[in-house]
Undergrad: 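After the C-alpha cells below, expect a handful of questions from me.
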Amino acid sequence: MDDPLTRFGVAVPAPLLNKFDRIIEKKGYSNRSKAICDLIRKELVENDWAALDKETVGIITIIYNHGVREIDDNLTELQHHYYSRIVSNLHVHLDAHNCLEVLVIKGMVREVKKIADKITSAKGIKHGNLYLGTLGKDI
Ligand code: NI
C-alpha cells in the first residue's frame, strides 16, 4: 500500500520552475509531484552511499581488450575471490577485440567500492565505472 501523501507549499523562483517544468515534460512526467518525489528519493539514495556500513547494490561496467595477456584469467580470479558478493554478470563481445562486462555486486557500500576499485584498476581495463544503486527498502 502506498504511503499517505502530504501536501506542502514551496516558494521557487519563476525562471527556475519554468526550466524544471520544461525538463520534466521532456522526460515524460505528467506532474511535478512525481518529479519532485523522484528527486527526493535520488537524494536519499545518494546520501546512503556516504554511509559505508549500509547494504547496497552496485553495478560495475568494464571495457577491455580480451587479447591483452592474462586479462580474462585475472578477471575470472577476481570474480571467484568475491563470489559471495558478485550476484550476476553479463559479458558482451562488442567487436573482434573489445569486451563489455557488467557485474552486479551486493554488499556493504564499503565492500562494493573496494571490489569495484580492484576490478576497474586491474591491468588491461580500458574503462571501468561503478554505479551505486539501492536495495529500495528505505525510499
Ligand atoms: Ni568478449
Side-chain angles (χ1 to χ4, degrees):
M1 201 175 91
D2 287 341
D3 291 326
L5 299 174
T6 300
R7 293 189 183 280
F8 66 103
V10 182
V12 181
L16 185 64
L17 189 58
N18 289 337
K19 285 179 190 166
F20 185 70
D21 283 344
R22 281 200 300 273
I23 289 169
I24 67 173
E25 193 189 335
K26 267 190 211 161
K27 287 189 171 190
Y29 284 100
S30 55
N31 62 62
R32 284 180 193 146
S33 293
K34 164 81 170 125
I36 289 169
C37 283
D38 284 358
L39 282 179
I40 293 171
R41 288 196 184 97
K42 190 174 173 217
E43 189 65 29
L44 291 173
V45 169
E46 287 179 8
N47 189 56
D48 278 354
W49 301 338
L52 297 176
D53 58 352
K54 183 126 189 168
E55 199 180 19
T56 192
V57 66
I59 295 118
I60 297 173
T61 60
I62 48 174
I63 306 282
Y64 65 96
N65 182 331
H66 74 98
V68 171
R69 207 170 148 260
E70 293 176 353
I71 193 165
D72 276 325
D73 285 348
N74 289 342
L75 286 173
T76 303
E77 193 69 39
L78 274 169
Q79 292 188 48
H80 277 276
H81 184 75
Y82 294 110
Y83 75 92
S84 64
R85 295 289 174 263
I86 298 174
V87 293
S88 186
N89 72 344
L90 166 78
H91 186 102
V92 179
H93 309 301
L94 294 173
D95 57 31
H97 307 289
N98 292 292
C99 302
L100 160 69
E101 198 141 319
V102 181
L103 308 169
V104 180
I105 302 175
K106 202 173 156 194
M108 298 299 168
V109 172
R110 172 186 288 110
E111 296 171 308
V112 170
K113 284 181 173 173
K114 184 181 149 200
I115 295 168
D117 284 344
K118 287 253 184 189
I119 291 174
T120 58
S121 68
K123 197 178 159 208
I125 302 295
K126 288 182 176 182
H127 180 259
N129 196 43
L130 167 65
Y131 166 77
L132 279 170
T134 174
L135 295 180
K137 291 174 188 165
D138 304 323
I139 57 168

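For ligands, and for the atoms within them, numbers begin at 1 and follow the listed sequence.
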Undergrad: H127 side chain to T61 main-chain N or O, any donor-acceptor pair under 3.5 Å?
TA: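 Answer holds: no.
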Undergrad: For a 4.5 angstrom cut-off between non-hydrogen side-chain atoms, does K54 reach M108?
TA: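 No, every pair of side-chain atoms sits at 4.5 Å or beyond.
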Undergrad: Taking T56 for the side chain and G133 for the main chain, is one N or O donor matched with an acceptor at less than 3.5 Å?
TA: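 Here the side-chain-to-backbone pair exists.
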Undergrad: Leaving out waters, which are not shown anyway, how many protein N, O or S atoms lie closer than 2.8 Å to the Ni ion (ligand 1)?
TA: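 There are 3 of them.
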Undergrad: Look at K26 together with D21 and state whether they make a salt bridge at an N to O cut-off of under 4.0 Å.
TA: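 Judged by the 4.0 Å cut-off on N to carboxylate O distance, K26 and D21 do not form a salt bridge.
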Undergrad: I'd like to know if D38 pairs up with K34 as an ion pair, taking the criterion as any Lys NZ or Arg NE/NH1/NH2 lying under 4.0 Å from an Asp or Glu carboxylate oxygen.
TA: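 Counted as a salt bridge, because a side-chain N and a carboxylate O are separated by less than 4.0 Å.
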Undergrad: Identify whether the distance between the nearest side-chain nitrogen and carboxylate oxygen of D53 and R110 falls below 4.0 Å.
TA: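 Result for this pair is no, no salt bridge flagged.
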